[in-house]
Amino acid sequence: MPVRVAGVRFLNTIPLVDGLAETAGLQWSRDVPSQLHTLLESGRADIALVSSIDAARSRTPLAILDAGMIGSEGPTLTVRLFGASRPEQLEEVWLDPDSHTSAALCRLLLERRFGARPAFRALAPRGQAASGERGDAKTPDPSAFPHGPRTGVLLIGDKVITGAPPENLFPHQVDLGQAWHEWTGQPFVYAAWMCRADEADRPEIALAAALLDRQRRKNLVRLASLAAEHGPAAGWPVDLAERYLASHLRFDLGPRERAAAQRFIDECAALGLCPPAPLRWADWHTTAHAATRV
């Protein structure tokens, strides 16, 4: 049976998945980031690109695979807090429901870095992709965003570029990737490939992880062509899409990224945003051995 892999439709995942749609042994599905951990928990997926904090919150133990991530070391462009006032003055913040990690990072930074404790509310979901699968949500008319003199809106994904709140209503912006880096000096891991922890040793999982790892490495040397091919369809100018993929994002999950991911979980646990627990990492040697056979 094929290994069922779940991802998202954002431009930032293209370097992880382009070229794998027809790969034998992999069966793909798509959803918004905040829903992917539920596919693993329910057994509807074997591997998914799971939001970092969901690894700590999941009812089913998850293991992080050494096969790639979505991360940054500095500004990310697409995880952004738009404020009617400065972040330390905000009294309410509306959170994009598409990403649990970005919502937790926003709450963490506002309290720990900016000394703010606003009320947090969830934005309504923005609809579904035309195919019927949930993807990067459509953004409504900008005037539909909640706004007031001390209101903020957190958005993630392509809609930060294609449908941001109007600057006259939200003149203050915080790139959360940059704010995290300025606060900690560390990179940030938004999401990574994960599987259920009790299945991390399955040969099929290791082989699928090796396929994901190999394709990511191939794609990282052709980011300009990926930006030209996929940027316009996602609503991005080609030059900005190329700069985004090549300069702002990180896709390799190394020791510094692993340490930063655990730091994020520890900080969130201290605020009661997730349980205090060490992240689980899949057997790197199993995956590496599988890679020699593909």
Side-chain angles (χ1 to χ4, degrees), residues 10 12 33-34 50-57 64 69-122 150-157 160-161 164-165 170-192 243-279 281:
F10 296 159
N12 59 17
S34 59
V50 175
S51 195
S52 294
I53 201 166
D54 288 333
R57 291 175 173 172
I64 303 173
M69 67 161 194
I70 302 296
S72 67
E73 187 155 8
T76 181
L77 294 186
T78 53
V79 181
R80 191 168 292 268
L81 174 63
F82 299 85
S85 58
R86 295 162 56 89
E88 60 269 24
Q89 299 172 328
L90 293 175
E91 295 179 353
E92 67 171 3
V93 172
W94 293 80
L95 299 172
D96 191 326
D98 285 354
S99 172
H100 294 156
T101 287
S102 297
L105 178 60
C106 183
R107 297 180 69 160
L108 174 65
L109 289 171
L110 281 172
E111 181 164 340
R112 294 293 305 280
R113 186 162 189 267
F114 296 105
R117 293 188 178 183
F120 292 97
R121 315 183 195 282
R150 296 186 183 274
T151 297
V153 174
L154 171 70
L155 289 183
I156 68 118
V160 174
I161 302 301
F170 296 91
H172 302 275
Q173 298 185 24
V174 177
D175 186 299
L176 298 193
Q178 182 175 5
W180 167 268
H181 188 259
E182 290 173 350
W183 183 47
T184 67
Q186 291 182 308
F188 192 80
V189 179
Y190 299 94
R243 189 164 73 250
Y244 176 58
L245 296 180
S247 300
H248 289 278
L249 296 185
R250 300 290 184 269
F251 301 97
D252 295 329
L253 185 57
R256 292 184 67 247
E257 287 73 24
R258 281 184 266 166
Q262 187 63 61
R263 165 79 181 272
F264 171 62
I265 296 302
D266 293 343
E267 296 283 358
C268 285
L271 290 184
L273 301 179
C274 70
L279 294 171
W281 305 93

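Just so it is clear, the model here is predicted, and its values are computed rather than measured. Scope of the values below: all heavy atoms of this structure, side chains included, with no hydrogens, waters or symmetry mates.
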Any donor and acceptor pair, going by atom type alone, linking the side chain of [X] with main-chain N or O of [Y] inside 3.5 Å?
X: Asp96; Y: Asp98; value: yes
X: Thr151; Y: Glu92; value: no
X: Thr101; Y: Ser52; value: yes
X: Ser102; Y: Val79; value: no
X: Gln186; Y: Arg256; value: no
X: Ser34; Y: Pro97; value: yes
X: Arg150; Y: Gln89; value: yes

Distance, nearest 0.5 Å, that separates [atom1] of [X] from [atom2] of [Y]:
X: Thr78; Y: Tyr190; atom1: OG1; atom2: OH; answer: 7.5 Å
X: Leu77; Y: Arg243; atom1: CG; atom2: CZ; answer: 7.0 Å
X: Asp54; Y: His100; atom1: CG; atom2: NE2; answer: 5.5 Å
X: Leu108; Y: Leu273; atom1: CG; atom2: CG; answer: 7.0 Å
X: Gln178; Y: Leu109; atom1: CD; atom2: CG; answer: 11.5 Å
X: Leu155; Y: Leu95; atom1: CG; atom2: CG; answer: 10.0 Å

Search all heavy atoms of [X] against all heavy atoms of [Y] and return the closest pair with its distance.
X: Pro75; Y: Asp175; value: CA-OD1, 3.4 Å
X: Ile265; Y: Ala277; value: CG2-O, 3.8 Å
X: Trp180; Y: Pro187; value: NE1-O, 2.8 Å
X: Val189; Y: Met69; value: CG2-SD, 3.6 Å
X: Cys106; Y: Val93; value: SG-CG1, 4.2 Å
X: Thr76; Y: Gly177; value: CG2-N, 4.2 Å

- Item | Phe170/Arg80 under side-chain contact (heavy atoms from CB on, under 4.5 Å): CA gap, chis, key distance, verdict | CA-CA 12 Å; Phe170 296 91; Arg80 191 168 292 268; over 6 Å; no

- Classify the angle between the aromatic ring planes of Tyr244 and His248 as parallel (below 30°), tilted (30 to 60°) or perpendicular (above 60°). tilted

- Task: Inspect the contact between Arg250 and Glu257 and indicate whether a charged nitrogen and a carboxylate oxygen are less than 4.0 angstrom apart.
- Result: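 A salt bridge is absent here (no side-chain N lies under 4.0 Å from a carboxylate O).
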
- Item | Lys/Arg N to Asp/Glu carboxylate O, Glu111 vs Arg107, below 4.0 Å | no

- Below 4.5 Å, heavy atoms only, C-beta onward: do Leu154 and Leu176 meet side chain to side chain? yes

- Just wondering, do Leu90 and Ser85 contact through their side chains at under 4.5 Å, heavy atoms? yes

- Task: Output, in order, the C-alpha distance, side-chain angles, deciding distance and verdict of side-chain contact (heavy atoms from CB on, under 4.5 Å) for Leu271 and Arg112.
- Result: CA-CA 9 Å; Leu271 290 184; Arg112 294 293 305 280; 4.2 Å; yes

- When you look at CZ of Arg121, are more than 12 heavy atoms from neighbouring residues, nucleotides or ligands closer to it than 6.0 Å?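 Result for CZ/Arg121: enclosed.
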
